[in-house]
Amino acid sequence: MKLVIFDMDGVIVDSEHIYSAIDEEIYKKFNICLSQEKKDSFIGKNSLDIWTEIYNDYSLHNNISLEDLIKLQRKMYINSLNDLLMVEGVRDWMKYFKKNNIKMIIASSSPKEIITFVIKKFKLDEYIEGFVHGDEVTIGKPNPEIFIKAASIFNEKPKDCLVIEDSSNGVKAAKAADMKCIGYKNANSGKQDLSKADYICSVFNLESLSEILN
């Protein structure tokens with residue numbers, strides 16, 4: 001293993017419940033009614049894919065432009081970022097990878113400004129050597145493009161990469177990229193099928209990491 005690719009939301013920061021609350025405000029504003037299953041299916045996808053689908057399904061053309069809808073959502077997200085907390089134990093994993101000279105990168109469906117905020121807020125540039133954001137890819141997760149792009153930055157082969165994901169879409173993308181994948185069970189990420197992951201863990205500690213790597 002030469003490169004660890006971290007998803008961000010639900011893996012590095014416990015953000016999904018905060019973002020879900022913001023989305024609920026937008027749903028209420030535009031009379032959007034989605035099942036919990038549908039909401040869970042959006043976890044891991046980028047905002048353009050999600051809101052394009054909702055925009056078309058609910059014929060919001062007369063209410064707001066798609067561009068302004070996405071801007072509204074992102075503005076609300078950014079205003080909530082001070083409430084973010086890191087997922088317990090994930091920094092210990094980063095310290096281990098750094099100590100063992102394993103490179104780390106973030107590949108997240110979130111936009112650039114949110115990822116840069118998280119890196120700065122939690123001083124992750126000590127560990128993370130770069131990132132790929134959701135607006136950089138043509139097709140979001142579960143398409144593997146974002147992970148392939150992340151590996152290409154370091155010229156690493158997929159077989160030498162390990163992805164850490166909390167969503168079904170993310171796990172599918174990692175396996176489609178022919179990479180090893182750890183599925184992290186985050187209770188705030190909704191009902192996610194992580195069964196395609198090579199390993200599944202519910203805590204980030206050195207004991208669980210040792211079990212996975214051995």
Side-chain angles (χ1 to χ4, degrees), residues 3-26 42-51 70-99 102-137 140-141 145-147 149-151 153-154 161-171 173-174 181-190 192 201-205 209:
L3 177 66
V4 175
I5 304 174
F6 284 90
D7 175 42
M8 187 180 74
D9 296 301
V11 172
I12 294 177
V13 288
D14 209 358
S15 54
E16 299 294 2
H17 64 296
I18 295 174
Y19 293 165
S20 292
I22 291 170
D23 288 343
E24 289 297 338
E25 289 185 45
I26 298 175
F42 287 150
I43 301 293
K45 290 188 175 183
N46 65 42
S47 56
L48 178 60
D49 291 343
I50 293 169
W51 290 100
I70 293 173
K71 284 181 179 178
L72 171 65
Q73 182 225 30
R74 290 189 178 182
K75 181 179 180 180
M76 293 173 71
Y77 277 10
I78 290 168
N79 289 340
S80 72
L81 292 180
N82 287 324
D83 297 328
L84 286 179
L85 297 174
M86 275 192 80
V87 171
E88 186 176 355
V90 71
R91 191 184 295 273
D92 292 333
W93 280 30
M94 291 180 179
K95 289 179 180 178
Y96 174 90
F97 295 136
K98 181 179 180 180
K99 182 179 179 181
I102 299 170
K103 296 184 289 291
M104 289 168 275
I105 188 171
I106 291 173
S108 169
S109 298
S110 284
K112 179 180 180 179
E113 57 266 37
I114 292 181
I115 299 174
T116 54
F117 179 93
V118 168
I119 290 173
K120 183 177 180 180
K121 177 178 173 67
F122 297 106
K123 299 179 173 59
L124 299 183
D125 50 2
E126 180 181 352
Y127 313 102
I128 301 297
E129 297 183 45
F131 63 84
V132 181
H133 60 82
D135 294 336
E136 287 186 275
V137 297
K141 304 172 188 177
E145 180 183 355
I146 194 167
F147 294 134
K149 190 175 183 70
I153 291 175
F154 296 98
C161 299
L162 173 68
V163 175
I164 305 177
E165 266 286 356
D166 70 313
S167 72
S168 175
N169 288 315
V171 170
C181 182
I182 295 174
Y184 170 60
K185 296 172 67 175
N186 188 325
N188 289 322
S189 297
Q192 300 296 315
C201 71
S202 56
V203 292
F204 287 120
N205 57 36
L209 181 59

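- Pro111 has its side chain out of reach of His133: every pair of non-hydrogen atoms, C-beta onward, lies at least 4.5 Å apart.
- Counting heavy atoms from C-beta on, the side chains of Asn79 and Lys75 come closer than 4.5 Å.
- Considering only heavy atoms from C-beta on, Ile114 comes within 4.5 Å of Ile78 through its side chain.
- Heavy-atom minimum distance, Cys161 versus Ile5: CB-CD1, 4.3 Å.
- Gly130 and Ile105 make their closest contact through O-CG1, 3.1 Å (heavy atoms, listed as atom of the first residue, atom of the second, distance).
- Side-chain contact between Phe131 and Met8 is absent, with no heavy-atom pair separated by less than 4.5 Å.
- Atom OG of Ser109 is separated from atom CG of Asp49 by 8.0 Å, given to the nearest 0.5 angstrom.
- Here CD1 of Ile164 is found 8.0 Å from CE of Met94. Values are rounded to the nearest 0.5 Å.
- Contact record, Asn46 with Gly140: ND2-CA, 3.5 Å, taken as the closest heavy-atom pair.
- With sequence neighbours excluded, the residues forming a side chain to side chain donor-acceptor pair (under 3.5 Å) with Asp135 are Arg74, listed by chain and number.
- The neighbour count for Glu129 CD, taken as heavy atoms of other residues, nucleotides or ligands under 6.0 Å away, is above 12.
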Exercise for the section: Before giving the answer on side chain to side chain contact (heavy atoms under 4.5 Å, CB included), spell out for Leu124 and Met86 the whole-Å C-alpha distance, their side-chain angles and the decisive distance to 0.1 Å. Expected result: CA-CA 11 Å; Leu124 299 183; Met86 275 192 80; 4.0 Å; yes
Exercise for the section: Check the pair Trp51, Leu72 against side chain to side chain contact (heavy atoms under 4.5 Å, CB included), reporting the backbone distance first and the verdict last. Expected result: CA-CA 11 Å; Trp51 290 100; Leu72 171 65; over 6 Å; no
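- Contact of the Phe122 side chain with the Ile128 side chain is not registered, since no non-hydrogen atoms from C-beta on lie closer than 4.5 Å.
- A donor and an acceptor atom, one from each side chain of Asn188 and Asp14, are located under 3.5 Å apart.
- Here the straight-line distance linking atom CZ of Phe154 with atom CE of Met104 works out to 9.5 Å at 0.5 Å rounding.
- Look at Lys112 and Glu136 and you find no salt bridge, because none of the NZ, NE, NH1 or NH2 atoms lies under 4.0 Å from a carboxylate O.
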Exercise for the section: List the steps and the verdict of side chain to side chain contact (heavy atoms under 4.5 Å, CB included) for Phe117 and Asn82. Expected result: CA-CA 9 Å; Phe117 179 93; Asn82 287 324; 3.5 Å; yes
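- The minimum heavy-atom distance linking Asp7 with Ser108 is given by the pair OD1-CA, 4.1 Å.
- The shortest distance between side-chain heavy atoms of Tyr127 and Lys95 falls below 4.5 Å.
- A heavy-atom distance below 4.5 Å is found between the side chains of Phe147 and Lys141.
- Checked against Ser167 for a side-chain contact (heavy atoms from CB on, under 4.5 Å), the options Ile43, Asn186, Val11 give a single hit: Ile43.
- One distance of note links CD of Gln73 with CG of Asp23; it measures 5.5 Å at 0.5 Å rounding.
- A donor-acceptor pair shorter than 3.5 Å can be found between the side chains of Ser110 and Asp9.
- Without hydrogens or angle criteria, Ser202 side chain to Lys185 main chain gives no donor-acceptor distance under 3.5 Å.
- Put simply, the side chain of Ile119 reaches to within 4.5 Å of the side chain of Ile106, judged on heavy atoms.
- More than 12 non-hydrogen atoms from other residues, nucleotides or ligands lie less than 6.0 angstrom from NZ of Lys121.
- Nearest heavy atom pair, residue Ala150 against residue Val132, reads CA-CG2, 3.8 Å.
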Practice task
Run the numbers on Val90 and Tyr184 for side chain to side chain contact (heavy atoms under 4.5 Å, CB included), then give the verdict.
Solution key: CA-CA 11 Å; Val90 71; Tyr184 170 60; over 6 Å; no
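- In terms of heavy-atom proximity, Leu3 sits nearest to Ala151 at CD2-CA, 3.9 Å.
- Across Phe6, Tyr96, Trp93, a single residue satisfies ring-ring contact (aromatic ring centres under 6.0 Å, His included) together with Phe204, and that is Trp93.
- Atoms CE and CD1, on Met76 and Ile18 in that order, are 13.0 Å from each other to the nearest 0.5 Å.
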